[in-house]
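A short write-up of the structure that comes next.
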Amino acid sequence: MDSRIGAFDPYTGSDNVVDNMAVLLEKYANDMEDLVRKRTANLQQRTLELEEERARTQTLLKDLKLAKEVAEKAATSKQEFLANMSHEIRTPMNAVIGMSRMLMESDLPPDLYDCAETIESSGNHLMALIDDILDYSKIESGHLTLERGLLDMTYVIESAMKLVASNFLGKGVVLWYNVDENLPTQVYGDLVRLRQILLNLLSNAFKFTATGFVCVKVAVDPNHEPPKADNNSGDNNNGKWVSYV
């Protein structure tokens with residue numbers, strides 16, 4: 001029996017099994033206390049880290065709230081500024097357009113009539129651009145609504161060219177346009193946007209053309225896929241697309 005107990009007793013040389021068990025239990029208790037102390041220290045460290053993280057999060061939330069208030073205040077100020085600018089710009093522009101219309105309705109020589117018509121066309125174009133610039137929601141969203149109505153292509157081209165003709169004339173660059181015979185007289189589109197595109201193209205041509213000529217060619221693009229017809233809009237066109245060169 002003693003030999004069997006000795007085989008299970010790690011503390012060789014001791015004959016008291018109870019004492020050996022007590023030593024083992026005491027060692028186990030000490031190990032458990034060390035483990036508990038380590039776990040407690042880890043929990044305390046983790047608690048401190050969480051408290052620091054919570055403090056940083058609260059500081060970040062305060063900063064975000066402050067930044068949001070500043071941005072909202074700036075947006076409100078911008079809207080008020082744009083509203084005031086809308087009124088200040090529209091008043092003289094309406095006067096210019098109205099006076100030009102009165103001049104066109106009077107007995108003017110052809111050359112002066114063309115000048116008055118250019119003034120009115122430029123004023124209407126500028127007013128349309130002001131509407132877009134002052135529309136704060138469109139600026140923020142980056143989207144502009146395109147109008148869809150019948151327009152005279154010849155008028156669009158000539159009105160755009162009249163605005164820049166004097167610049168080309170002063171530079172000595174010849175400017176003219178060529179319209180394809182198959183192009184419909186009236187097409188569907190956005191008059192303001194279309195004229196704005198032409199003005200941008202003409203401005204680039206004026207900038208990069210030192211001598212010679214600039215020609216705007218307008219034709220139907222047979223390779224473009226036609227749009228789907230809108231039966232509810234009363235659109236009776238043949239779905240052709242216009243190409244600008």
Side-chain angles (χ1 to χ4, degrees), residues 85 89 92-134 138-139 142 144 146-227 237-245:
M85 288 299 297
I89 296 175
M93 284 304 304
N94 286 328
V96 171
I97 295 173
M99 294 301 295
S100 62
R101 172 54 60 179
M102 292 179 62
L103 289 174
M104 292 174 62
E105 292 176 354
S106 62
D107 295 331
L108 289 178
D111 55 342
L112 294 180
Y113 182 88
D114 290 340
C115 293
E117 186 180 22
T118 302
I119 294 174
E120 185 200 25
S121 176
S122 302
N124 290 327
H125 181 70
L126 182 58
M127 286 290 289
L129 294 179
I130 291 173
D131 289 338
D132 293 334
I133 294 174
L134 299 180
K138 292 180 181 179
I139 296 175
L144 294 175
L146 295 178
E147 300 294 334
R148 188 171 185 271
L150 279 175
L151 53 88
D152 188 339
M153 285 301 304
T154 303
Y155 170 76
V156 174
I157 299 170
E158 290 182 350
S159 62
M161 295 182 68
K162 283 182 179 180
L163 298 178
V164 297
S166 60
N167 295 333
F168 282 85
L169 182 62
K171 195 175 182 179
V173 177
V174 180
L175 176 64
W176 84 89
Y177 70 94
N178 183 12
V179 178
D180 186 6
E181 59 181 7
N182 296 322
L183 180 70
T185 304
Q186 290 186 326
V187 296
Y188 282 90
D190 190 322
L191 173 62
V192 176
R193 304 294 167 215
L194 193 55
R195 185 162 50 186
Q196 186 176 356
I197 293 173
L198 287 174
L199 284 174
N200 292 336
L201 293 175
L202 290 173
S203 298
N204 290 334
F206 174 79
K207 180 179 179 181
F208 296 104
T209 304
T211 59
F213 64 91
V214 172
C215 179
V216 179
K217 295 181 180 180
V218 185
V220 176
D221 187 358
N223 298 322
H224 199 291
E225 181 180 356
N237 64 351
N238 56 7
K240 293 182 179 180
W241 288 76
V242 179
S243 176
Y244 302 91
V245 180

Could you tell me the separation between the SG atom of C115 and the CE atom of M104, rounded to the nearest 0.5 Å? 11.5 Å

Output yes when a side-chain donor or acceptor of T118 lies under 3.5 Å from a complementary backbone atom of D114, and no otherwise. yes

Check: L103 main-chain N/O paired with S106 side-chain donor or acceptor under 3.5 Å: yes

Residue pair A160 / L198: nearest heavy atoms and the distance that separates them: CB-CB, 4.0 Å

State, yes or no, whether a side-chain contact exists between V214 and V173 at a heavy-atom distance under 4.5 Å. yes

Straight-line distance of I157 CD1 to D152 CG, nearest 0.5 Å: 9.0 Å

Hey, could you give me the CD/CG distance between Q186 and L151, rounded to the nearest 0.5 Å? 8.0 Å

Nearest 0.5 Å, please: how far is OH in Y155 from CD in E117? 6.5 Å

Tell me the side-chain hydrogen bond (donor to acceptor under 3.5 Å, both in side chains) pairs involving residues 164-178, sequence neighbours left out? E158-Y177

Is any side-chain heavy atom of V216 less than 4.5 Å from a side-chain heavy atom of L201? no

d(D190 CG, I197 CD1) to nearest 0.5 Å is 8.5 Å

Let's go through V96 and I119 carefully: what are the C-alpha distance in whole Å and the side-chain angles of both, what is the deciding distance for side chain to side chain contact (heavy atoms under 4.5 Å, CB included) to 0.1 Å, and is it a yes or a no? CA-CA 8 Å; V96 171; I119 294 174; 3.8 Å; yes

Is there a side chain to side chain contact (heavy atoms under 4.5 Å, CB included) between L150 and V187 once you walk through the steps? CA-CA 5 Å; L150 279 175; V187 296; over 6 Å; no

So, do M161 and L175 sit near enough that their side-chain heavy atoms are less than 4.5 Å apart? yes

How far does OG of S121 sit from CZ of R195, to the nearest 0.5 angstrom? 4.0 Å

With M153 as reference, evaluate V179, D180, V218 under the side chain to side chain contact (heavy atoms under 4.5 Å, CB included) test and give the passing residue. V218

Test log, rule side chain to side chain contact (heavy atoms under 4.5 Å, CB included), inputs I97 and N124: CA-CA 7 Å; I97 295 173; N124 290 327; 3.3 Å; yes

